[in-house]
Chemist: 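This structure is in structure tokens; I'll ask about it shortly.
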Protein chains: 2
Amino acid sequence: MMKEFLKTKGFKITPQRELIFRSFFEMDKHVSVDELYDKVREKDRSIGYSTVWRNLKLICRVGLAQKVNMGDGITRYDRLTKVPHGHLFCLNCKRVVEFNVDQVVGILANTAVENKFSTRGFKVEVQGYCQLCQSESEKHADDEEIH
Amino acid sequence: MMKEFLKTKGFKITPQRELIFRSFFEMDKHVSVDELYDKVREKDRSIGYSTVWRNLKLICRVGLAQKVNMGDGITRYDRLTKVPHGHLFCLNCKRVVEFNVDQVVGILANTAVENKFSTRGFKVEVQGYCQLCQSESEKHADDEEIH
DNA sequence: ATTGAAATTGATAATCGTTTTCATTTAGAG
DNA sequence: CTCTAAATGAAAACGATTATCAATTTCAAT
């Protein structure tokens with residue numbers, strides 16, 4: 001299924017590619033290159049970082065995932081399901097909780113139209129502290145030093 | 001006013017700082033370090049990049065601005081007015097249009113509560129092409145090469 | 001006004017994630 | 001089987017951000 005799809009697009013099926021794709025879909029829904037790289041390496045020590053990176057890019061290219069930027073410096077790849085969703089991002093433990101955005105997207109779509117924008121994507125995020133990390137939040141509230 | 005505020009927080013008032021703060025608030029609402037650096041340098045060639053960067057960080061720290069990541073690699077600093085707002089981001093010309101998010105934030109606040117999240121911030125973005133760049137959009141739809 | 005501790009500055013270097021290069025290998029159509 | 005385009009892995013390049021450090025400056029307390 002997946003394989004045929006890639007072939008028709010002119011991409012080749014390699015063992016590395018198979019492993020990377022497979023691993024990506026087995027993992028948490030929001031992974032960084034590093035995380036996927038580690039995971040993939042558990043299965044095959046010979047796979048290079050660039051290969052993982054490039055295949056992640058390919059996964060995006062064929063529309064199966066999308067880059068997301070939570071605010072810390074690192075890019076995560078969000079598996080694209082049919083339903084759009086928002087993210088609750090815990091500033092402490094970096095965990096992500098998804099939530100339904102049907103209502104919000106409706107509003108945003110209108111806004112876009114009002115502004116004569118041709119929409120390509122939405123990003124709806126709430127940053128904060130999850131229940132577990134709540135007590136930690138004070139520690140981090142003021143830890144940004146200036147150098 | 002601003003000066004007194006900074007002093008009470010233990011920060012010192014320097015000519016560079018004054019110029020940087022002043023420039024930041026004179027500029028477009030979403031600037032990158034580089035943009036602000038250029039602007040500041042028009043007035044004073046001797047100011048260093050780090051100084052601009054650090055003061056931008058300070059501006060965030062005292063709650064007058066906030067980092068935003070539109071998806072291209074660069075961090076912009078969004079002036080924090082009392083009213084929260086969303087961004088329409090043109091993928092072609094990188095221009096930003098703000099829009100009201102009262103309604104959306106209401107919904108999101110509820111969602112956060114439902115998930116026992118302690119909220120620190122919202123991010124509501126719509127990516128697409130502005131009216132002017134609309135015709136360009138096809139050109140860029142498929143320009144992501146894989147290397 | 002003078003002093004001294006703490007903060008700030010500017011130049012430069014280190015860092016970190018991302019992306020490219022390049023020589024080599026491999027997939028897969030013919 | 002053969003040939004070409006695509007894919008791989010190692011390493012280097014890249015670009016933005018952040019840190020280091022010596023010199024300077026602010027400003028509160030004399």
Chemist: Which of the following nucleotides, dG28(C), dT18(C), dA16(D), is nearest to the side chain of Ile74(B)?
Modeler: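 Looking only at heavy atoms from C-beta outward on Ile74(B), the closest nucleotide is dA16(D).
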Chemist: Please determine whether side chain to side chain donor-acceptor pair (under 3.5 Å) holds for the pair Ser46(B) and Asp44(B), giving the CA-CA distance in whole Å, both sets of side-chain angles, and the decisive distance to 0.1 Å.
Modeler: CA-CA 5 Å; Ser46(B) 72; Asp44(B) 181 346; 2.7 Å; yes
Chemist: Are OP1 or OP2 of dG10(C) and a side-chain N or O of Gln16(B) less than 4.0 angstrom apart?
Modeler: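 Result: yes.
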Chemist: Over how many whole Å does the gap from Arg61(B) atom CZ to dT8(C) atom C1' extend?
Modeler: 14 Å
Chemist: Sorted by first residue and then second, give each ring-ring contact (aromatic ring centres under 6.0 Å, His included) pair with at least one member in residues 12-36 of chain B; sequence neighbours left out.
Modeler: His30(B)-His87(B)
Chemist: Considering heavy-atom distances to DNA chain C, does Arg41(B) or Gly10(B) have its closest nucleotide positioned more toward the 5' end?
Modeler: Gly10(B)
Chemist: If you assign Pro15(B) and Arg76(B) each to the DNA chain D nucleotide with the nearest heavy atom, which residue ends up on the more 5' nucleotide?
Modeler: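 Final value for this comparison: Arg76(B).
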Chemist: On a plain distance test, is the side chain of Lys12(A) in donor-acceptor contact with the base of dA27(C) below 3.5 Å?
Modeler: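 Check passes, donor-acceptor contact within cut-off.
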Chemist: How long is the line joining CD of Glu35(A) and C1' of dG17(C), in whole Å?
Modeler: 13 Å
Chemist: Mind checking if Asn55(A) touches a base, just sugar-phosphate, or nothing, with heavy atoms under 4.0 Å?
Modeler: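 It contacts sugar-phosphate atoms only.
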Chemist: What integer distance in Å separates Met70(A):CE from dG17(C):P?
Modeler: 17 Å
Chemist: May I have the distance from Arg54(B) (atom CZ) to dT25(D) (atom P), rounded to whole angstrom?
Modeler: 15 Å
Chemist: Looking at Glu26(A) and Arg22(A), is there a salt bridge between them, counting it only when a charged N and a carboxylate O are closer than 4.0 Å?
Modeler: no
Chemist: If you take atom types as modelled and just measure distance, does the side chain of Thr75(B) reach the base of dA16(D) with a donor-acceptor pair under 3.5 Å?
Modeler: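 No pair found.
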Chemist: For Asp34(B) and for Lys7(B), find the nucleotide of DNA chain D with the closest heavy atom, then tell me which residue's nucleotide is more 5'.
Modeler: Asp34(B)
Chemist: Go through the N and O atoms of the side chain of Thr14(A) and the base of dA6(D), and report whether any donor-acceptor pair is under 3.5 Å.
Modeler: no
Chemist: Do other residues, nucleotides or ligands put more than 12 heavy atoms under 6.0 Å from Glu18(B) CD?
Modeler: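 Atom CD in Glu18(B) is packed in, count exceeds 12.
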Chemist: Expressed in angstrom and rounded to an integer, what is the separation of Leu56(B) atom CG from dA19(D) atom P?
Modeler: 15 Å
Chemist: Grab the CG-P distance between Leu36(B) and dT17(D) for me, whole Å please.
Modeler: 12 Å
Chemist: Answer yes or no: does a side-chain N or O of Ser50(B) lie under 4.0 Å from OP1 or OP2 of dG10(C)?
Modeler: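 So the side chain of Ser50(B) is outside the cut-off, no N or O lying under 4.0 Å from OP1 or OP2 of dG10(C).
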Chemist: Assign Asp44(A) to base, sugar-phosphate, or nothing according to its heavy-atom contacts below 4.0 angstrom with the strands shown.
Modeler: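 Nothing, no heavy atom under 4.0 Å.
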Chemist: Could you work out which one of dT17(D), dT8(C), dT12(C) sits closest to the side chain of Trp53(B)?
Modeler: dT17(D)
Chemist: Is Leu108(A) linked to Val68(B) within one hydrophobic cluster, defined over Ile, Leu, Val, Met, Phe, Trp and Tyr using a side-chain heavy-atom separation of less than 4.5 Å?
Modeler: no
Chemist: Over all strands shown, is Lys67(A) touching base, sugar-phosphate only, or nothing at heavy-atom distances under 4.0 angstrom?
Modeler: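 The residue Lys67(A) makes sugar-phosphate contact but no base contact.
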Chemist: To the nearest Å, how far apart are Leu6(B) CG and dA28(D) P?
Modeler: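 So the CG-P distance, Leu6(B) to dA28(D), works out to 13 Å.
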Chemist: Look at all strands and tell whether Ser32(B) reaches a base, only sugar-phosphate, or nothing, counting heavy atoms closer than 4.0 Å.
Modeler: nothing
Chemist: Atom CZ of Phe11(A) and atom P of dA29(C): how far apart are they, to the nearest Å?
Modeler: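 Atom-to-atom, Phe11(A) to dA29(C), this comes out as 15 Å.
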Chemist: Shared ILVMFWY cluster between Tyr77(B) and Val124(B), side chains joined below 4.5 angstrom?
Modeler: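 Per the 4.5 Å side-chain linkage, Tyr77(B) and Val124(B) are not co-clustered.
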Chemist: Arg17(B) has a side chain; which of dA10(D), dT9(C), dC27(D) sits nearest to it?
Modeler: dT9(C)
Chemist: Relative to the 5' end of DNA chain C, which residue comes earlier, Arg45(B) or Ile13(B), by the nucleotide with the nearest heavy atom?
Modeler: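 Nearest nucleotide further toward 5': that of Ile13(B).
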